[in-house]
Protein chains: 2
Amino acid sequence: MVNPTLEDVAAIAGVSPTTVSRVLNNRGYLSEKTKQKVFAAMQELDYRPNAIARSLQNKKTKIVALIFPTVAHPFYGAMATYLEERLSDRGYRVILCNSQDHPERERDYIDMLLSHHVDGVITGAHSDAIANYPTLRSALVTIDREQSQRYPNIRCDNYGGARKATSALIDAGARHIVHITSTQSDTNQRQRGYLDVMQKNNLEPRILEVGFAAESAAKNRAITDYLDQHPEVDAVFGSNDTYAAYALNWAQVQEKKVPQDFQVVGFDGTQAIHSLLPHLATVVQPIEDMAERAVERLVEAMESSTPHEVMADESRLENDVFPTVFRPGTTVRLP
Amino acid sequence: MVNPTLEDVAAIAGVSPTTVSRVLNNRGYLSEKTKQKVFAAMQELDYRPNAIARSLQNKKTKIVALIFPTVAHPFYGAMATYLEERLSDRGYRVILCNSQDHPERERDYIDMLLSHHVDGVITGAHSDAIANYPTLRSALVTIDREQSQRYPNIRCDNYGGARKATSALIDAGARHIVHITSTQSDTNQRQRGYLDVMQKNNLEPRILEVGFAAESAAKNRAITDYLDQHPEVDAVFGSNDTYAAYALNWAQVQEKKVPQDFQVVGFDGTQAIHSLLPHLATVVQPIEDMAERAVERLVEAMESSTPHEVMADESRLENDVFPTVFRPGTTVRLP
DNA sequence: CTGAAAGCGCTAACAG
DNA sequence: CTGTTAGCGCTTTCAG
């Protein structure tokens, strides 16, 4: 039989479809005998419940969507992998959406997700299309975004991490430190951490903004151009490890001695980058823990009858900020 | 209204549900007037067709599943991103499955995918659970797997790429070249390319197998241990860029001069790794082109009435092998 | 403990 | 050009 249905099973087992459904969902009282008959029939037909028909009836899809700029970025790749693993363990499927940081793409995805009635969404995308969506009924958790009163936002202590990075550079003797960031903004906590520490030390801050959607080659060039034109710069704090790596490569080409003459710190500390550049000093985010928490919060909301209240429960928002660890590497001098 | 249905739209527009459905699908003859009324009603209700109900009826989900070991691996991360982009452009959604190379996980996923009636599957996972699945009715395309007569297998010219890498090392004067691979096997084309070239040059081949599912730290240790114990080795050909990076890092720690005293070539050539290690010599796969082809082949099969015949069409199998390019970098000496 | 019947939201004959 | 009817595969009252 090509696509056996519950009715086919019922026919073979000699019971009603209702009974088969009960066996499937383990609901109500069933005699052992009946169960056995039904199981036997299912085996015989290699029956698989049709998830679509189920969803139509239940109003639950057991699907969660992930919206990230691109999983080719190490941080998002790692995060997506952990999230998928945790969700899969809890019986949820994951739909992947790479927004590429195009608000328009993100909007299309939201439409799609609403159509598909996904139970939940986890987003790390940068356009705020979703969080501000008026009629979103899915549970929603954001990753490393601005705090909202309506949705949990899982993030690391960006401000503290940036302070650690900047302080480490200053302690190691750097005086002309440039911070490379994707997008400047007053609410950018890594930038704020950097600025505050620089100011407290009476050092002149310098920020290089390289844009988010740009190609990596363009970003690399923006960074090397800047460094070429600012020979007094003696240290770089990148808002992610890739920017730090660009700076490091520039130093190598220039035959600058690292860390003696030029120091570098990144941010994120993914396994992938640590494998490739074990010496890079960086601020490590506990990505796996963050993924775990995001899934916890999302599942709780999805399985509650009042998801929006669960999500907006202020009492635990403070738990959603994770501490960072500074990993010294050898691209920063010892103080 | 919380979740407007097609009937609600019909009621407001003063037409039958069928008519609304026709407008939605742009089928049959509709008067302009009717169309306008229906569109107006849809807008008024912010109506979104329920994709689930649609799928139940159509027997098409417009969903494709991606099964890869993990998108945290640069090659799969890049591949997944490109695939998702292309598929999304063609109106397909993507479900992400990270098998972690556990055959058991892969099997679970297959069950799930069958339940969800995905239209197609693209897999680069290593267990052969899917390709050998007897009753798979979805279209299937594999990435860099062994050739089958039943499904397209998109891959690069692994054999030729490995030959280029090995030859480049030999031409540059290397004599004790070790090949680092995940899993040894007779059908491993990168390994075969390496072996053939070594043999033709009367050089003794050495293969280090580091396993697939192992943690990156364990792989790194296996590699450094091997290199520590075999000081005569003067070059490494890694079956991926990460293995090559491990060797490179080892050389740096040992203060070996690269490429003078120690040479390294990797495989894959993803943008992500090129950003971080621009000097690494490697065999570049045309990942974006491969993704494009995979999607083409899959879509063709999904939209055909005889998907299995389309997939097994031998005449174009040869087109599914993509040429590689050797990128010299500076970790190999000039001949 | 089990079954009959209705319906989730949509589409596809078949009429008109 | 438009409406009526049935049904995709499952779950869920409501009866027995």
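Letters go in sequence order (proteins before strands), and every chain restarts at 1.
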Can you tell me how far C1' of C:dG9 sits from CG of B:Asn50, to the nearest Å? 6 Å
Please work out if A:Leu30 contacts a base, only the sugar-phosphate, or nothing of the nucleic acid, heavy-atom cut-off 4.0 Å. sugar-phosphate
Residue whose closest nucleotide on DNA chain D lies nearer the 5' end, A:Tyr47 versus B:Gly14: B:Gly14
Does a side-chain N or O from B:Asn58 land closer than 4.0 Å to OP1 or OP2 of C:dC10, or not? no
For a quick check, tell me whether the side chain of B:Ser21 and the base of C:dA12 share a donor-acceptor pair closer than 3.5 Å. no
From the list D:dT4, C:dG3, D:dT11, which nucleotide is the closest neighbour of the side chain of A:Asn25? D:dT11
Tell me if the side-chain of B:Thr18 makes a donor-acceptor pair with the base of C:dT11, cut-off 3.5 Å, by modelled atom types. no
Starting at atom NZ of B:Lys60, determine the distance to atom C1' of C:dC10, rounded to an integer number of angstrom. 17 Å
N or O in side chain of A:Ser55 less than 4.0 angstrom from D:dC10 OP1/OP2: no
Choose from C:dT2, D:dC8, C:dT11 the nucleotide whose nearest atom is closest to any side-chain atom of B:Leu24. C:dT11
Under-4.0 Å side-chain N/O to phosphate OP1/OP2 contact, A:Thr34 with C:dT2: yes
Under 4.0 Å between any heavy atoms, over every strand shown, what does A:Val20 touch: base, sugar-phosphate, or nothing? Just pick one. nothing
Regarding B:Arg293 and B:Glu296, does a basic nitrogen lie under 4.0 Å from an acidic carboxylate oxygen? yes
Return yes if the base of D:dG3 and the side-chain atoms of B:Arg22 contain a donor-acceptor N/O pair under 3.5 Å, otherwise no. yes
Non-hydrogen atoms of A:Glu84 and B:Leu96 that approach each other most closely: OE2-O, 3.1 Å
d(CZ, A:Arg48; P, D:dG9) in whole Å: 16 Å
If only side-chain N and O atoms of A:Arg54 are considered, is one of them under 4.0 Å from the OP1 or OP2 phosphate oxygen of D:dT11? yes
If you count every heavy atom of other residues, nucleotides or ligands that lies below 6.0 Å from B:Glu7 atom CD, does the total exceed 12? no
Closest listed nucleotide, where the reference is the side chain of A:Leu6 and the choices are D:dC1, C:dT2, D:dT11: D:dT11
Minimal non-hydrogen separation, A:Val121 against A:Ser138, with atom names: CG2-CB, 4.3 Å
Going by distance alone, is a donor N or O of one side chain under 3.5 Å from an acceptor N or O of the other, for A:Thr142 and A:Asn153? yes
Take B:Thr19 and B:Lys59, find for each the nucleotide of DNA chain D with the closest heavy atom, and name the residue whose nucleotide sits nearer the 5' end. B:Thr19
Looking at A:Arg93 and A:Asp119, is there a salt bridge between them, counting it only when a charged N and a carboxylate O are closer than 4.0 Å? no
For C:dA12 and B:Arg27 - does any side-chain N or O of the residue sit under 4.0 Å from the phosphate oxygens OP1/OP2? yes
Atom CD of B:Glu32 and atom P of D:dT2: how far apart are they, to the nearest Å? 10 Å
NE2 of B:His117 versus C1' of D:dC10: gap in Å, rounded? 12 Å
Selection from C:dG9, D:dT13, C:dC1 that lies nearest to any side-chain heavy atom of B:Thr5: C:dG9
